[in-house]
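Before any comments, here is the structure.
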Amino acid sequence: MIEEDGKFKGFCIDILDEIAAKMNFKYTIYKVADNQYGTEDENGTWNGMIRELIEKKADLAISALTINFKRQQVVDFTKPFISLGISIIYKIPTSKKPGLFSFLNPLSLEVWIYTLVSLIMMVLARFSPYEWRNTHPCNMNNEFVENQFTAWNSLWFAVGTLMQQGSDINPKAFSTRLVGGVWWFFTLIIISSYTANLAAFLTVEKVDIPISSVEDLANQSKIGYGLFKGGSTMNFFKESRIDTYKRMWKYMQNNPDVAFVSSNKEGIDRVLARDYAYLMESTFIDFVVQRNCNLTQIGGLLDSKGYGIATQLGSPYTDDISLKILEMQEKGDIQKFYNRWWKGGGTCVRDEKKDSKANPLNVENVGGIFVVLVAGVILAIVVALFEFIYYARKNASTIRVKK
Ligand code: ASP
């Protein structure tokens with residue numbers, strides 16, 4: 001409900017106008033001085049709109065006034081005109097772009113380690129007597145034999161086949177061929193699984209969701225949370241016998257400065273300004289998330305209830321107003337008012353197309369493989385330099401000896 005130049009307008013006013021027209025009455029509206037919906041304190045005294053009805057100062061109270069057990073004992077309620085539940089409003093989780101080395105993510109760290117360790121398995125070939133061959137096959141008297149599977153060659157064979165490139169060293173003995181065959185099968189499955197997962201890991205942005213339900217919120221202590229002080233939402237947590245909610249209520253009582261706010265606006269401002277989750281009725285959440293694209297609802301509804309028009313206890317108007325509400329609901333009037341006030345104006349259009357479209361891979365996505373390439377080339381240059389120096393030194397000493 002909004003007040004402009006002393007005139008009220010909004011969803012509730014549309015409903016009230018319609019009821020007034022149907023029942024043929026006139027009304028004057030005033031706002032309660034304490035700006036409260038109505039709660040009972042320890043002494044049994046009520047405040048807010050409920051108090052106005054108890055003290056018979058007003059005939060009706062219409063607002064986002066939730067029908068609940070305590071209130072129903074001191075005032076009458078009409079049938080609910082809208083249903084809702086408590087939920088969490090929180091900032092839209094930020095999504096992280098894939099990192100430079102996201103090409104490693106298709107396989108978990110363990111699998112990478114196991115794969116590298118299995119490279120060593122190929123050294124087995126050294127032990128087969130059938131891998132030892134005459135170095136000069138034409139000379140049967142030659143006593144020298146050699147094994148092509150030196151540790152270094154075995155590693156080259158294993159890396160070559162793992163990378164699906166093959167190698168010119170091939171096993172000859174039955175045992176080594178068996179190892180080779182099994183190894184090729186292993187590499188086939190590992191590489192296929194890696195390829196199948198790769199595209200997704202390079203492109204999909206990971207969403208950082210610190211909480212996705214009320215249980216997550218209750219089980220952590222980093223994100224502060226709270227609710228409107230003195231409303232039915234607070235009463236829900238106060239009275240609940242469910243463990244999670246009892247724990248949350250305890251936290252709120254121990255941290256009143258963090259937990260209790262004096263208006264929903266203050267709660268939403270906190271959500272926007274810091275790491276804060278606010279427990280609010282779904283009607284308000286729907287309204288806010290359609291107007292502020294940085295906010296979203298987390299998880300489902302914690303309960304299910306409705307807003308009703310409150311009347312004095314024993315009021316003669318309650319049943320008639322209930323009838324009118326049912327009629328308006330069946331005819332779709334209430335839905336019409338809802339659409340007018342909730343959907344109209346400032347609707348936040350979320351960019352859903354973004355995910356369904358295939359984007360080309362850019363440097364951010366595949367940068368890591370270039371890093372590997374450049375690092376490999378630099379390492380190769382350094383090693384080549386060492387090889388050159390080593391070879392030159394060795395030759396120099398031979399030449400010196402010969403002299
Ligand atoms: N609608 C609520 C009430 O009637 C306010 C709230 O607690 O969110 O008290």
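When a ligand or atom number is given, it counts from 1 through the structure's own listing order. Residue numbers count from 1 along this sequence.
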Problem set entry | Those residues that, when tested against Y194, pass ring-ring contact (aromatic ring centres under 6.0 Å, His included) (two or more places apart) | W112

Exercise. Who are the ring-ring contact (aromatic ring centres under 6.0 Å, His included) partners of Y90, not counting sequence neighbours?
Worked result: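 By the ring-ring contact (aromatic ring centres under 6.0 Å, His included) rule, Y90 matches no residue at all.
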
Seminar exercise, completed: If you compare F236, Y37, F284, Y307 by their heavy atoms, the one closest to atom 5 (C) of ligand 1 turns out to be Y37

For this session: Between S232, G48, G230, A310, flag the one that comes closest to atom 3 (C) of ligand 1 by a heavy atom.
Result: S232

For this session: Check each of D320, D14, I309 against I19 using the side-chain contact (heavy atoms from CB on, under 4.5 Å) test, and report the only one that passes.
Result: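 So the option named by the test is I309.
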
Can you name the atoms of ligand 1, numbered from 1 with element, that are less than 4.0 Å from a heavy atom of [X]?
X: G231; value: 7 (O), 9 (O)
X: T66; value: 1 (N), 2 (C), 3 (C), 4 (O)
X: L65; value: 4 (O)

Looking only at protein heavy atoms, which one is nearest to [atom], and how far off is it?
atom: atom 6 (C) of ligand 1; answer: T233 OG1, 3.2 Å
atom: atom 1 (N) of ligand 1; answer: A64 O, 2.6 Å
atom: atom 4 (O) of ligand 1; answer: R71 NH1, 2.8 Å

For this session: Please lay out, stage by stage, how D286 and Q290 fare under the test side chain to side chain donor-acceptor pair (under 3.5 Å).
Result: CA-CA 6 Å; D286 289 347; Q290 287 191 46; 5.9 Å; no

Exercise. Can a salt bridge be assigned to the pair D269 and K265 using a cut-off of 4.0 Å between side-chain N and carboxylate O?
Worked result: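 The answer is yes: the pair qualifies as a salt bridge.
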
Exercise. In this structure, are over 12 heavy atoms from other groups packed under 6.0 Å from K250 atom NZ?
Worked result: no

Exercise. Has M280 got any heavy atom lying under 4.0 angstrom from an atom of ligand 1?
Worked result: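 Flag not set, M280 not near ligand 1.
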
Problem set entry | Test side chain to side chain donor-acceptor pair (under 3.5 Å) applied to W249 and S240, step by step | CA-CA 9 Å; W249 177 240; S240 180; over 6 Å; no

